[in-house]
Student: 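Have a look at this one.
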Amino acid sequence: MTSLQVSAGPADNDEMRAAFVETAGRLAARDVASRVTLLDTHPCDIRAARVLCGTLRDAGMLDMAMPESAGGLGLGRQTIGEILARLAETCAGVALLVWANESAGLAMAAKGGATGGDTGGRFVANGLVTGSPLRATRRTGGDWRMDGSLPFAWGAGCADEVLLAAKTERGGIFARVPLDAAGLVVGDPDDRIGLRACPSATLTLDGVAVVPFAVHADAAEFEGAVADARADAFVLAGAIACGNARGALRRAMQYARERYQGGSIIIEHTLVQGLLGKQLADLRAAEALVATALARGGDDRLLARVVATRHGESVCLDAMQVFGGYGYMRDYGVEKHLRDAKMLCLVGGGNERVLQSVVAAHRMREDWP
Amino acid sequence: MSIVERFSGWLSDRASARRGVVDVLGLPAEVHGRYAGYRHWAETEARALVEAADADLHTHLDTKRDLLRSAARAGLLTAMIPGLFGGKGRLSDFSRHGGMTFLPFVEELGAVSPGLSTLIGAHYLGLMPILLAMDIPNGRRLLKPVCSAPPDDPKICAFAITEPGAGSDAEDDEGGAKAKLGTFARKVKGGYVLNGRKCFISGGNLASLITVFAALDREQGIHSWTCFAVTPDMSGFSVGRVEDKMGQRASPAAELVFEDVFVPDRNRVGRENDGWRLNSLTLDTSRPAVAGIALGGARGVLREVAGWIDEMDLRRDRSVQAEFGELLGRYEAARSLMWRASGTFPPRRDLSACSKFVASDTAMLIASRAMDLMGEAGGLRARRVERLYRDIKLTQIYEGTNQINRLAAMEDYAANGTLSLD
């Protein structure tokens, strides 16, 4: 078995990071590559996704963000980002499945929501990416109830629990909610253009009893905490966009080295060199910003997601042009990179909205940016 | 009524009047008048079948045949074949309006599905060399089965140039001269013997008549290209793989195999060695139509987005207005170029090529940014924009990739230094 846990221990130094990323690469090549087509049905094949979750669980990939005190690997954003990018070179949908759980894990680790019972890779879907449209009320006797409808709960189709945030009268709460909780209905898996290996669904909550692991009495503090969790999820989605684009570019390069036209392989043609060069520049710019944002945090996490997903889509569009007609056929794989790239632009909301939110958050700060 | 209300009423009347005038100037009224009919058929008859074809994971042909039967009942398969050749169209449409004749059709069908537009557009593309060869008696004979087919058993044409080893490069002069061709015709008594393979042929597995381009001489390559009308009942003809595509799934793309296929002399289209000229003329005519398919897709995207904006009550959101306005401006600019390119007869290669790549790049940008505007909802199949995005992508690739079309736009300049900026 390929397992991250083999080398588990105090993580997040360069050496350990390289070892984890390498292990993820082996997992992608051996256990993911053969299932890419199976996981690309529409709507998502929940059974196939669950089987994959078992493989990921066995490999320790569902425990990466959890702190060591809770039995996890305690990896940070940077390492997780690199691992996700590596997985995305083979299948961005699978990377997003891991992302859903790990971005929820980072938020829980930050807010004290990780517990000793989390070892063994209990899958927690991320219900924070779309924001916090839910409401929570405290009843007499002190128990909390959640209500509302939450679209695009990523990973909910095959998760054990979901991480949710809900506004209260003054602030808000964070809670982990089992998906079989009374009053919680998981809708049919969303039928999407891409990232189909990761089933998302709309959750409808009607008086669902929850036990919060974090309670914020102040609305601004709560919104800030949600925004911080979303920003981590966004930059990790940016890392996936980079990995996905790298996969597409590799395919295009390989094709250009093998395809003869006009008496030579097409990578000898200046037109093709220009097209590939543009893709490489787009990719490098995205990778650089994502790496900075993963390391530093802050608003760069949101900007990195915007740049990485836009450039990622552009790289995939151009990669398909290198293939010509063959690129449009499903056999060559580049079309899947493109569909996944487009969906990555939309996870958690469109890029324009993300940019607006960055400026809106700091609009009155004279020392910003 | 207040002065403000009266003034805004006047403004809106002026705006609609102006729109009417601009449309009539840009497009002849009789051509413009056809949009509504095509839209009605596409939305009421074809949409459900298109969506079924898109969802079909196994590229079954039933829905495509149903689409063709419905199109035949609506007269769409013969409406643009001139009466001179046995169809229901008017030659004067082409002489007066050039390729504009095709635009209402490709745009409105494309608004529901660029794949649908390709399914029926490829039929007209297939018969185009026969029309352009202008051998009327032979053309009438070749097209008779198509023009006289009963609606319940329609016959369509397909156009076969692309080969496994010669794709986009066989669609511009310089690339064509170096293309590695793999389909050849040998002269024998009473006809020709064809050998080779063609790939990605739209409607190739459904067609009753296929215009096939084959070289007569290995050394001469495309300069010896000759066009032949092949029917599937000819011995040695077979259909190979049918492609599983990202989009345009309403239109099948098939591989065609020719193994010692005997084609009688009378099925040669045009003269010997005239294939490259016919092919170039056909592409010059069809590229503005591809622009129409792409901008039809963009038209569909804009309609869907407008529906979403209404649903979300965002019509007064200024950032949404600004983004939508940007897309609308680009759409109108590309559409103007498409009209200009299609309104010249015979078509101008530079304008045709420019209209194709500008329109398809614009349509792709519109689809992509429309999805961004809608956020996660934009990626849902139920919202239709994602299907249009997948469909539109092919318009950047077929009829020569957009990279090749940029070269085609510069052919005259590269060869003779001629640059027309009129």
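Proteins get letters first, then strands, A, B, ... in listed order; numbering begins at 1 in each. These numbers come from a predicted model, not from an experiment.
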Student: So, for Asn402(B) and Gln321(A), which heavy atoms are closest and what is the spacing to 0.1 Å?
Tutor: N-NE2, 3.9 Å
Student: Ignoring hydrogens, what is the shortest heavy-atom contact between Glu376(B) and Trp154(A)? Give both atom names and the distance.
Tutor: OE2-NE1, 2.9 Å
Student: What pair of heavy atoms forms the shortest contact from Asp372(B) to Leu346(A), and how long is it?
Tutor: OD1-CD2, 3.5 Å
Student: Side chain, backbone, both or neither: which part of Val385(B) has a non-hydrogen atom closer than 4.5 Å to chain A?
Tutor: neither
Student: What residues of residues 302-312 of chain A make heavy-atom contacts with chain B at a cutoff under 4.5 angstrom?
Tutor: none
Student: Tell me the closest heavy-atom pair linking Tyr328(A) and Lys393(B), and the distance in Å.
Tutor: CE1-CB, 4.0 Å
Student: Is the number of heavy atoms from other residues, nucleotides or ligands within 6.0 Å of CG (Asp310(B)) greater than 12?
Tutor: yes
Student: Say you draw a straight line from CG of Leu271(A) to OG1 of Thr401(B); how long is it, rounded to the nearest 0.5 Å?
Tutor: 7.5 Å
Student: Does atom CZ of Arg197(B) have more than 12 heavy-atom neighbours from other groups under 6.0 Å away?
Tutor: no
Student: Nearest 0.5 angstrom please: Arg241(B) CZ to Met329(A) CE, how far?
Tutor: 8.5 Å
Student: Any chance you could lay out the side chain to side chain contact (heavy atoms under 4.5 Å, CB included) test for Met320(A) and Met246(B), step after step, and finish with the verdict?
Tutor: CA-CA 11 Å; Met320(A) 193 180 276; Met246(B) 176 173 84; 3.9 Å; yes
Student: Any chance CD of Glu258(A) has more than 12 other-residue heavy atoms, nucleotides or ligands included, within less than 6.0 Å?
Tutor: yes
Student: Does any heavy atom of chain A fall under 4.5 Å from the side chain of Leu380(B), the backbone, both, or neither of them?
Tutor: both
Student: Which atoms of Phe323(A) are under 4.5 Å from chain B, going by heavy atoms: the side chain, the backbone, both sets, or neither?
Tutor: neither
Student: Among residues 187-199 of chain A, which ones touch chain B with a heavy-atom distance under 4.5 Å?
Tutor: Asp190(A), Asp191(A), Arg192(A), Ile193(A), Arg196(A)
Student: Do you know which two heavy atoms are closest between Cys199(B) and Tyr326(A), and how far apart they sit?
Tutor: SG-OH, 4.3 Å
Student: Please say which of Glu335(A), Lys342(A), Arg339(A) ends up in a side chain to side chain contact (heavy atoms under 4.5 Å, CB included) with Arg390(B).
Tutor: Arg339(A)
Student: Does any heavy atom of chain B fall under 4.5 Å from the side chain of Met343(A), the backbone, both, or neither of them?
Tutor: side chain
Student: Within the 4.5 Å heavy-atom criterion, are Cys345(A) and Met371(B) side-chain neighbours or not?
Tutor: no
Student: With chain B as the partner, which of Asn351(A), Val272(A), Leu338(A) has the greatest number of non-hydrogen pairs under 4.5 Å?
Tutor: Leu338(A)
Student: For residues Glu352(A) and Ser319(B), is any side-chain donor paired with an opposing acceptor at under 3.5 Å?
Tutor: no
Student: Can you tell which part of Met364(B) gets under 4.5 Å to a heavy atom of chain A, answering side chain, backbone, both or neither?
Tutor: side chain
